[in-house]
**Q** 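Questions regarding the structure given below will be posed in turn.
In this text the structure is predicted, and so the values were computed from the model without any measurement. Here is how names work: the chains are called A, B, and so on, in the same order as the sequence lines, proteins then strands, and each is numbered from 1.
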Amino acid sequence: MSKEIGTRKEDFSKWYNELVLKADLAEHSAVRGCMVIKPHGYAIWEKMQAALDKMFKDTGHVNAYFPLFIPKSFFSKEASHVDGFAKECAVVTHYRLKTAPDGSIVVDPDAKLEEELIVRPTSETIIWNTYRGWIQSYRDLPLLINQWANVVRWEMRTRLFLRTAEFLWQEGHTAHATAEEAVEETRKMLDVYADFVENFMAVPVVKGVKTVNERFAGALDTYCIEAMLQDGKALQAGTSHFLGQNFAKAFDVKFTSKEGKLDYVWATSWGVSTRLMGALVMSHSDDNGLVLPPKLAPIQVVIVPIYKGEEGLNKIREVVLPLKKKLENFGISVKFDDRDTQRPGWKFAEYEMKGVPVRIAVGERDLANGTVEIARRDTLSKETVSIEGIETKIVQLLSDIQDNLYQIALKRKTELTTRVETWDEFVKVLETKGGFVAAHWDGTSETEQKIKEMTKATIRCIPLNNVQEEGKCILTGARSKERVLFAIAY
RNA sequence: CGGGGUGUAGCGUAGCCCGGUAUCGCGCCACAUUUGGGAUGUGGAGGUCGUCAGUUCGAAUCUGGCCACCCCGACCA
């Protein structure tokens with residue numbers, strides 16, 4: 001059948017690509033490295049956005065919007081920032097096209113911009129340039145702003161959702177009077193991300209801080225949440241940066257403190273992107289298609305009628321429509337698929353591929369017995385139950401599925417976290433098992449770099465609240481006081 | 001960006017080596033019978049063979065450029 005996808009065991013990467021396409025999440029576009037997010041994929045993103053946006057607002061943030069274009073000169077103001085992004089910027093040089101003598105459309109050479117514009121790869125520079133005019137006094141602080149936007153990073157090698165040239169995200173940019181307050185904000189938003197990813201996406205994460213090598217360009221500290229996917233690779237699911245006074249200095253954003261002292265403000269920035277869609281797929285889905293946690297499923301329950309003739313369908317409608325209403329009163333999103341153009345078996349397979357958590361089938365047999373058949377997507381199990389009081393059962397079932405997905409992912413993360421003491425063990429675990437490897441490291445960038453070159457593994461993070469213990473670096477044998485998490489990452 | 005591979009109907013493919021206007025399956029349309037796990041039959045529609053150029057009487061097939069995707073590498077807040 002054309003709707004089948006490869007298996008994870010056979011070729012994880014191929015399975016992922018086929019799944020994204022066949023579950024109708026996204027497809028490749030005519031533009032290199034850019035994807036079209038299809039309605040089903042976009043509906044999931046909208047659910048993510050809605051949940052995150054509420055969490056941001058509940059923690060005191062407001063939304064705003066800044067320009068897509070950034071004057072080139074802005075990038076030269078923060079040295080490490082430009083270093084980090086220069087290699088992957090799309091640049092606008094002209095503002096007009098014209099018809100050439102041969103009839104083709106060409107860029108009008110007379111329409112060259114005085115100063116080139118950069119399509120934002122991230123908005124720190126344009127936002128901090130704007131903040132200069134907004135902040136004068138400690139009374140203007142803290143400034144807690146988020147933006148939902150698209151950004152462009154000209155990546156050499158792209159993958160649907162995980163790394164695309166253009167992607168959708170949110171970026172929070174806050175300004176504070178003290179370093180302590182900015183650090184607190186950085187940590188708070190990391191907690192918000194972890195809360196979201198674990199409770200909505202059902203993906204357990206490790207909260208940690210990045211090493212100097214992996215730090216955001218222009219940050220003093222980069223905090224992150226790292227997820228472990230089914231294939232034993234790690235994925236950075238969100239980052240929160242403590243930017244110190246770097247951007248305030250670069251864009252001259254000063255404020256007068258309560259004590260009358262003039263000082264630069266302290267900054268944070270934090271973001272998650274459509275990459276989370278990739279994490280969602282790679283965490284829960286199986287060889288039959290997408291598996292969605294109920295909290296993010298655009299359709300939580302689908303009802304499929306099984307009937308003969310228009311009259312048969314009408315009889316089922318009499319039972320199903322009130323049931324649909326009841327479920328909706330519990331806040332459940334329900335689709336009654338009464339299309340006569342597809343057969344029940346086709347619909348079963350289709351909704352399985354698209355990851356609808358619960359399916360209810362109602363046929364004449366059920367009408368006679370006062371029952372329905374309930375199937376859950378996560379376990380693929382089915383049972384026939386009385387329609388009486390089914391609403392509360394479904395509410396419970398959705399909650400069970402959400403929990404079950406999290407527990408499975410948590411078990412995997414635990415099983416795929418290995419403590420090693422020696423280099424040989426380290427290499428062996430990476431080669432045979434994958435996952436997170438907790439090992440001692442001497443704390444130097446040189447060692448980190450060497451390990452990356454030798455094994456492809458990077459330090460995903462130094463976990464927060466890490467146990468302090470004496471040990472020896474797996475590569476150099478130098479003293480170490482804590483373990484860090486290594487992994488092969490996306 | 002370097003190495004390798006692929007591109008033929010909406011999807012998956014045969015044909016390419018050895019040049020003669022394209023095969024099969026799924027899907028699509030019509031009708032009938034069907035409907036508790038991707039129905040069956042009959043009939044039908046759908047193709048500038050990725051694209052541009054070259055060789056040739058003639059190109060899906062040979063040659064070159066370009067584009068896109070996949071795999072490996074480099075890069076990746």
**Q** Do A:Arg343 and B:rG36 share a donor-acceptor pair, side chain to base, under 3.5 Å?
**A**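 No such pair is found, so the answer is no.
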**Q** Tell me, do A:Asn129 and A:Phe247 make a side-chain contact under 4.5 Å, heavy atoms counted?
**A** no
**Q** Tell me if the centroids of the rings in A:Phe242 and A:Tyr223 come within less than 6.0 Å of each other.
**A**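 No.
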**Q** When only distance counts, do a donor and an acceptor, one from the side chain of A:Lys382 and one from the base of B:rG37, lie under 3.5 Å apart?
**A** yes
**Q** Select one nucleotide: of B:rG36, B:rG37, B:rC76, the one nearest the side-chain heavy atoms of A:Asp366.
**A**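 Looking only at side-chain atoms, A:Asp366 lies closest to B:rG36.
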**Q** Which part of the nucleic acid does A:Gly84 contact within heavy-atom distance under 4.0 Å: base, sugar-phosphate only, or nothing?
**A**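 It contacts nothing in the nucleic acid.
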**Q** From the list B:rG36, B:rC72, B:rC70, which nucleotide is the closest neighbour of the side chain of A:Asn17?
**A**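 Nucleotide nearest to A:Asn17's side chain: B:rC70.
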**Q** In whole Å, what is the span from the CD atom of A:Gln449 to the C1' atom of B:rC75?
**A**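 Going from CD in A:Gln449 over to C1' in B:rC75 covers 12 Å.
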**Q** Provide, to the nearest angstrom, the distance between the NE2 atom belonging to A:His28 and the C1' atom belonging to B:rU6.
**A**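 Interatomic distance, NE2 of A:His28 to C1' of B:rU6: 13 Å.
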**Q** For the side chain of A:Glu350, starting at C-beta, report the closest nucleotide among B:rG38, B:rC72, B:rG37.
**A** B:rG38
**Q** Compare the minimum distances between each of B:rG36, B:rG38, B:rA68 and the side chain of A:Met353, then state the nucleotide with the smallest one.
**A** B:rG38
**Q** Strictly by Watson-Crick or wobble contacts shorter than 3.5 Å, is anything paired with B:rU42, and which nucleotide is it?
**A**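 WC or wobble partner is B:rA30.
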**Q** Nearest 0.5 Å, what's the CZ-CD1 distance between A:Phe85 and A:Ile118?
**A** 12.5 Å
**Q** Taking distance alone, no hydrogens or angles, what donor-acceptor pairs closer than 3.5 Å link side-chain atoms of residues 426-434 of chain A to residues at least two apart or in another chain?
**A**
unit_1: A:Thr432; atom_1: OG1; unit_2: A:Lys428; atom_2: O; d: 2.7
unit_1: A:Lys433; atom_1: NZ; unit_2: A:Glu415; atom_2: O; d: 2.9
unit_1: A:Lys433; atom_1: NZ; unit_2: A:Thr418; atom_2: OG1; d: 2.8

**Q** Just checking, any donor-acceptor pair under 3.5 angstrom between side chains of A:Thr174 and A:Thr268?
**A**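 There is such a pair between these side chains.
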**Q** Check the distance between B:rC76's C1' and A:Trp169's CH2 and give it to me in whole angstrom.
**A** 14 Å
**Q** Could you classify B:rU21 for me, syn or anti, using a glycosidic angle within 90° of 0 as syn?
**A** syn
**Q** If the P atom of B:rG3 is compared with that of B:rU13, how far apart are they to the nearest Å?
**A** 26 Å
**Q** Using Watson-Crick or G-U wobble geometry with both distances under 3.5 Å, which nucleotide pairs with B:rA59?
**A** none
**Q** By nearest nucleotide on RNA chain B, pick out whichever of A:Lys14 and A:Ala219 is the more 5' one.
**A** A:Lys14
**Q** Over all strands shown, is A:His81 touching base, sugar-phosphate only, or nothing at heavy-atom distances under 4.0 angstrom?
**A**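 No contact.
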**Q** Return the nearest nucleotide to the side chain of A:Lys308; candidates are B:rU35, B:rG37, B:rC69.
**A** B:rU35
**Q** Looking at every strand, decide which applies to A:Arg215 at a 4.0 Å heavy-atom threshold: base, sugar-phosphate, or nothing.
**A**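 If one applies the 4.0 Å heavy-atom cut-off, A:Arg215 turns out to touch the sugar-phosphate alone, with no base involved.
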**Q** Rounding to a whole Å, what distance do you find between A:Tyr490:OH and B:rG73:P?
**A** 12 Å
**Q** Rounded to whole angstroms, how far apart are CD on A:Glu27 and C1' on B:rC11?
**A**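 Rounding to the nearest Å, CD of A:Glu27 and C1' of B:rC11 are 12 Å apart.
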**Q** Rounded to the Å, how far apart are A:Trp346 CH2 and B:rU40 P?
**A** 16 Å
**Q** What integer number of Å spans the P atoms of B:rA45 and B:rA59?
**A** 27 Å
**Q** For RNA chain B, whose closest nucleotide is more 5', that of A:Ser273 or that of A:Leu380?
**A**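 Final value for this comparison: A:Leu380.
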**Q** From B:rG36, B:rG37, B:rA74, pick the nucleotide closest to the side chain of A:Met156?
**A**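 Side chain of A:Met156 sits closest to B:rA74.
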**Q** When you get a sec, tell me which of B:rC76, B:rG38, B:rU35 is the closest nucleotide to the side chain of A:Pro344?
**A**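 Comparing B:rC76, B:rG38, B:rU35 against the side chain of A:Pro344, the answer is B:rU35.
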**Q** Using atom C1' of each nucleotide, how far apart are B:rG64 and B:rU55 to the nearest Å?
**A** 11 Å
**Q** Base, sugar-phosphate, or nothing for A:Arg32, non-hydrogen atoms under 4.0 angstrom?
**A** sugar-phosphate
**Q** For atom P, what is the distance between B:rC28 and B:rC11, given to the nearest Å?
**A** 14 Å
**Q** Taking only the P atom of each, what is the distance from B:rA9 to B:rA60 in whole angstrom?
**A** 14 Å
**Q** For B:rG50 and B:rA68, measure between their C1' atoms and round to the nearest Å.
**A** 8 Å
**Q** I'd like the P distance from B:rG43 over to B:rU56, given in whole Å.
**A** 46 Å
**Q** Just checking, any donor-acceptor pair under 3.5 angstrom between side chains of A:Thr122 and A:Arg120?
**A**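 Absent: no donor and acceptor within the cut-off.
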**Q** With hydrogens left out and only the distance checked, is there a donor-acceptor pair under 3.5 Å joining A:Glu364's side chain and the base of B:rG36?
**A** no
**Q** If you look at every strand shown and take non-hydrogen atoms under 4.0 Å, does A:Arg359 touch a base, only sugar-phosphate, or nothing?
**A**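 A:Arg359: base contact, heavy atoms under 4.0 Å.
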**Q** Return the nucleotide paired to B:rC69: Watson-Crick means purine N1 to pyrimidine N3 with N6-O4 or O6-N4, wobble means G-U with N1-O2 and O6-N3, both under 3.5 Å.
**A**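 Paired with B:rG5.
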**Q** Just checking A:Gly33: base, sugar-phosphate only, or nothing, at a heavy-atom cut-off of under 4.0 Å?
**A**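 It contacts sugar-phosphate atoms only.
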**Q** Any luck finding a side-chain donor-acceptor pair between A:His61 and A:Gln170 under 3.5 Å?
**A** no
**Q** If you measure from the P atom in B:rG65 to the same atom in B:rG20, how many Å do you get, rounded?
**A** 25 Å
**Q** For A:Ala361, which contact category applies under a 4.0 Å heavy-atom criterion: base, sugar-phosphate, or nothing?
**A**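 Answer is base: heavy atoms of A:Ala361 come under 4.0 Å of a base.
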**Q** Of the options B:rC76, B:rC72, B:rU35, whose atoms approach the side-chain atoms of A:Lys456 most closely?
**A**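 Between B:rC76, B:rC72, B:rU35, the one nearest the side chain of A:Lys456 would be B:rC72.
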**Q** Think A:Arg159 has a side-chain N or O under 4.0 angstrom from the OP1 or OP2 of B:rC69?
**A** no
**Q** Scan A:Phe167 against the nucleic acid and name what it touches under 4.0 Å (heavy atoms): base, sugar-phosphate only, or nothing.
**A**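 Touches a base.
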**Q** Going by salt bridge (charged side-chain N to carboxylate O under 4.0 Å, His left out), A:Asp286 matches just one of A:Arg8, A:Lys9, A:Arg377. Which one?
**A**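 Going through A:Arg8, A:Lys9, A:Arg377 one by one, the salt bridge (charged side-chain N to carboxylate O under 4.0 Å, His left out) with A:Asp286 is satisfied by A:Arg377 alone.
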**Q** Any side-chain N or O of A:Ser13 below 4.0 angstrom from OP1/OP2 of B:rC71?
**A** yes
